[in-house]
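Residues take their numbers from the sequence shown, with the count starting at 1. None of the values given here were measured: they were computed from a predicted structure.
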Amino acid sequence: MNGLREQYACLYAREFPAQAMLRLRPELREKAVVVMEGEPPLQTVCSANARAHRLGIERGMTRVEVETFDSVVVLARSAAEESAARAALLECAGGFSPRVQERSGSGEFLCVIDIAGTEKLFGPAEVLAQSLLRRVRALGVVACVSVSGNFHAAVCNSRGRPTQTAVIPRGVEGIAMAPLPVGVLGLRAEHTETFALWGIRTLGELAELPEKELVARLGQEGRRLRQLARGELPHFFVPMETEFRLEERMELDAPVELLESLLFVVGVILEQLVLRATARVLALASVTVTLVVEGGGTHVRTVRPALPSNERAMWLKLIHLDLEAHPPGAAVVGIGLTAEPGSTSKVQMGLFSPQLPEAMRLDVTLARIRAIVGEECVGRAVLEDTHRGDGFRVEGFTTPASQERSGTPGFSVSTGMSVGKVRELDGSLAAMRRLRPAERVAVMLRGQKPAEFTFRERRYEVERAYGPWASSGDWWCPSLWGIEQWDLIAREMDGAMLCCCLVRDVGLGGWLMAALYD
């Protein structure tokens with residue numbers, strides 16, 4: 001519509017079932033690995049890495065035939081891991097263009113990216129292909145990228161040269177594809193047999209056949225195959241919509257009971273999540289660990305630090321402490337990690353501002369404290385809408401985007417039985433020091449007001465009494481107001497002054513020293 005000439009980049013990865021398994025198992029990449037599918041004992045090889053192919057292993061071999069080779073690692077095919085690897089590759093391709101179409105087949109991953117008009121963002125086609133290839137290799141997948149002005153030419157060139165990255169100049173698609181075997185066209189069995197009888201082995205030989213005679217023998221399918229071989233067949237591009245989701249799954253080869261062994265696998269999966277988030281200039285805000293245990297149950301834990309971060313060491317330590325405090329209770333046979341993305345946070349301090357503790361160290365320290373005292377005992381105190389003496393709750397630490405400050409910084413004005421730090425008493429501000437637990441006192445009344453009391457074996461005479469205030473109840477339940485509060489200014493016999501807060505339980509009739517004012 002904008003008059004741009006077509007340009008496509010094809011991302012192709014062969015032996016995809018094996019690559020999906022090895023992506024999260026870096027320790028097996030230097031060994032011969034085969035992936036088998038089917039029910040025992042009828043399992044057959046569906047994919048293998050390059051080292052296994054060099055030994056002579058082929059698709060369709062049985063387990064008995066594979067066991068005749070030395071030092072071959074056998075893995076069971078995992079649909080969950082292939083789905084996670086496919087989503088990661090499509091997400092990587094979507095970082096270069098929102099127009100992506102997948103054409104994966106049996107045992108291979110293939111997607112085509114419409115890169116027309118992206119030169120100002122990523123440079124020439126050669127530079128884009130190399131950038132895409134580096135990101136794919138960072139995900140642990142070996143692939144190739146082929147760029148062409150024709151959709152099908154890019155696909156065929158990728159299948160025919162799975163270990164090379166090439167850019168086909170516009171107008172020479174047929175010449176570039178001529179040496180490729182006809183198998184890259186995805187022929188049906190009858191066409192494969194027919195071309196074999198005719199002696200047609202390459203696309204160049206197929207492209208040289210006369211069109212009328214080919215249509216007379218194969219129908220319109222023959223014309224379509226000839227256009228494919230010449231790089232002239234047009235294509236209606238249908239982009240797919242992919243959801244950005246940071247999720248990785250891995251099925252373990254054997255049940256794992258030791259936490260250290262489990263954390264080794266979690267560390268590899270975390271590295272993939274961090275790479276994918278970094279590619280989109282994002283950070284991990286929370287990580288949910290789903291452990292599949294023997295028997296079919298699951299153990300789910302969510303770790304959420306104060307600030308989003310891509311520090312793999314911090315996440316690994318937080319997950320370690322959380323699983324140590326909440327073990328799964330059974331051997332683990334599968335692991336799934338789902339991350340919630342967040343914006344990367346940068347804190348710029350003033351020139352003379354005090355240095356804040358590093359977020360990573362603070363989160364790890366808080367996690368260690370939670371493991372000792374419990375999760376419900378770590379956080380910040382938040383006032384509740386109540387008249388109870390200790391009306392507050394503990395919430396987890398959070399970092400809001402913006403903070404509004406009003407009044408005196410660091411203080412809050414208190415009236416009645418509040419848990420605030422500052423109290424106006426006799427025209428001046430006084431700090432309240434709560435006594436936990438409150439101490440019992442003996443009080444003498446005069447005219448329904450405290451006149452004398454004994455506190456810590458000392459006798460005081462009341463000079464001024466303020467109150468009483470009804471408290472210890474929720475404002476919507478007045479029947480629960482059973483506490484009277486008095487703010488007193490008293491003096492000892494030697495003249496020492498004491499400012500305090502006395503409370504009386506109306507039901508029980510006892511007096512308690514609740515707080516002292518400095």
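Shortest non-hydrogen contact noted between Leu284 and Ala339 is CD2-CB, 3.7 Å. Taking every heavy atom of both residues into account, Leu28 and Val33 meet most closely at O-CG2, 3.6 Å. Of all non-hydrogen atoms in Gln43 and Met36, the two that sit nearest each other are O-CE, 3.6 Å. Residues Leu263 and Leu316 come closest through the heavy atom pair O-CD1, 3.7 Å. Pairing each heavy atom of Leu132 with each of Ala93, the nearest pair is CD1-CA, 4.4 Å. The heavy-atom pair separating Ala88 from Leu139 by the smallest distance is O-CD1, 3.8 Å.
Partner of Val35 under the side chain to side chain contact (heavy atoms under 4.5 Å, CB included) criterion, out of Gln19, Glu15, Arg77: Arg77 alone.
Inter-residue side-chain proximity for Ile113 and Arg99 is flagged as unmet; no heavy-atom pair is nearer than 4.5 Å. With contacts defined as side-chain heavy-atom distances shorter than 4.5 Å, the pair Val378/Val394 does not qualify. Contact check for Asn150 versus Glu6: no side-chain heavy atoms found under the 4.5 Å cut-off. Leu252 places a side-chain heavy atom less than 4.5 Å from the side chain of Ile335. Looking only at side-chain heavy atoms (C-beta outward), Val364 and Met314 come within less than 4.5 Å of each other. Using a 4.5 Å cut-off on side-chain heavy atoms (C-beta onward), Val184 and Cys156 make contact. Looking only at side-chain heavy atoms (C-beta outward), Met21 and Ser78 come within less than 4.5 Å of each other. Residues Met240 and Glu102 meet the side-chain proximity criterion, which asks for heavy atoms closer than 4.5 Å.
By the 30° and 60° cut-offs, the orientation of the rings of Phe195 relative to His191 is tilted. Between His152 and His235, the ring planes lie perpendicular to each other; the angle is over 60°, past the 30° to 60° tilted range.
Judged by distance alone, with hydrogens and angles left aside, the side-chain atoms of Glu81 form a donor-acceptor pair with the main-chain N or O of Glu251 at under 3.5 Å. In this structure, the side chain of Asp363 engages the main chain of Ala306 through a donor-acceptor pair within 3.5 Å. The closest donor-acceptor contact from the side chain of Asp114 to the backbone of Ala116 lies under 3.5 Å. When atom types are taken as modelled, the side chain of Asp322 and the backbone of Arg301 share no donor-acceptor pair closer than 3.5 angstrom. In terms of modelled atom types and a separation under 3.5 Å, the side chain of Thr165 and the main chain of Cys144 share no donor-acceptor contact. A donor-acceptor pair under 3.5 Å is absent between the side-chain atoms of Ser83 and the main chain of Ala80, judged by distance alone. Panel note: side chain Ser158, backbone Ala154; a donor-acceptor pair is recorded below 3.5 Å. Listed for the Glu65 side chain is a donor-acceptor partner under 3.5 Å among the backbone atoms of Thr62. Of the possible donor and acceptor atoms, one in the side chain of His53 sits under 3.5 Å from a partner among the backbone N and O of Ile57. Checked by atom type and distance alone, the side chain of Trp315 never pairs as donor or acceptor with a backbone atom of Ser286 at under 3.5 Å.
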Check the pair Val66 / Val74 against side chain to side chain contact (heavy atoms under 4.5 Å, CB included), numbers first and verdict last. CA-CA 9 Å; Val66 171; Val74 179; 4.0 Å; yes
Test side chain to side chain contact (heavy atoms under 4.5 Å, CB included) on Val265 and Ile269 and set out the steps. CA-CA 6 Å; Val265 180; Ile269 300 178; 4.2 Å; yes
With salt bridge (Lys or Arg N to Asp or Glu O under 4.0 Å) as the criterion, how do Arg276 and Glu248 come out once you've worked through the C-alpha distance, each side chain's angles and the decisive distance to 0.1 Å? CA-CA 11 Å; Arg276 293 168 59 184; Glu248 294 285 352; 2.8 Å; yes
Report the C-alpha distance between Phe109 and Tyr12 in whole Å, list the side-chain angles of each, state the deciding distance to 0.1 Å, and finish with yes or no for ring pair (Phe, Tyr, Trp, His ring centres under 6.0 Å). CA-CA 6 Å; Phe109 173 85; Tyr12 175 74; 8.9 Å; no
Show, in sequence, the C-alpha distance, side-chain angles and deciding distance for Arg224 and Leu233, and conclude whether the side chain to side chain contact (heavy atoms under 4.5 Å, CB included) test is met. CA-CA 7 Å; Arg224 189 185 73 87; Leu233 184 66; 3.8 Å; yes
Test side chain to side chain contact (heavy atoms under 4.5 Å, CB included) applied to Thr118 and Phe96, step by step: CA-CA 8 Å; Thr118 62; Phe96 291 85; over 6 Å; no
Can Thr298 and Thr290 be said to form a side chain to side chain donor-acceptor pair (under 3.5 Å), step by step? CA-CA 7 Å; Thr298 58; Thr290 303; over 6 Å; no
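Salt bridge status for Arg25 with Asp253: present, with a side-chain N to carboxylate O gap under 4.0 Å. We find that Arg103 and Glu108 are not joined by a salt bridge, their nearest charged nitrogen and carboxylate oxygen being 4.0 Å or further apart. Under 4.0 Å is where a charged nitrogen must lie from a carboxylate oxygen, and between Arg29 and Glu27 no such pair does. With respect to the salt-bridge test (charged N to carboxylate O, under 4.0 angstrom), the residues Arg230 and Glu173 do not qualify. At a threshold of 4.0 Å, the pair Glu30-Arg51 counts as salt-bridged, since one of the basic side-chain nitrogens sits closer than that to a carboxylate oxygen. Between Arg249 and Glu247 there is a salt bridge, since a side-chain N of the basic residue sits under 4.0 Å from a carboxylate O of the acidic one.
Note that CZ of Arg280 is 8.5 Å distant from CG of Leu246, once rounded to the nearest 0.5 Å. From Thr192, atom OG1 reaches atom CG of Leu187 across 4.5 Å, with rounding to the nearest 0.5 Å. The CG atom of Leu318 sits 10.0 Å away from atom CG of Leu270, with the distance rounded to the nearest 0.5 Å. To the nearest 0.5 angstrom, Leu22 atom CG is 7.0 Å from Leu75 atom CG. The CG atom of Leu128 sits 10.0 Å away from the CD atom of Gln130 when rounded to the nearest 0.5 Å.
Arg86 forms no cation-pi arrangement with Phe16, by the criterion of a distance under 6.0 Å to the ring centre and an angle within 45° of the ring axis.
In this structure, a donor-acceptor pair under 3.5 Å is absent between the side chains of Thr365 and Arg368. Side-chain contact annotation: Glu260 with His320, donor-acceptor N/O pair under 3.5 Å absent.
No more than 12 heavy atoms of other residues, nucleotides or ligands sit less than 6.0 Å from atom CZ of Arg201. Under a cut-off of 6.0 angstrom, the local environment of CD in Glu58 is sparse, with at most 12 non-hydrogen atoms contributed by other residues, nucleotides or ligands. Shown here is Glu232, whose CD atom has more than 12 heavy atoms of other residues, nucleotides or ligands within 6.0 Å. Other residues, nucleotides and ligands contribute at most 12 non-hydrogen atoms within 6.0 Å of the CZ atom of Arg137. Environment of CD in Glu67: crowded, with over 12 heavy atoms of neighbouring residues, nucleotides or ligands closer than 6.0 Å.
The salt bridge (charged side-chain N to carboxylate O under 4.0 Å, His left out) search around Arg304 returns Glu340, not counting sequence neighbours.
Sequence neighbours left out, the pairs with a member in residues 202-217 that pass side chain to side chain donor-acceptor pair (under 3.5 Å) are Glu211-Arg223.
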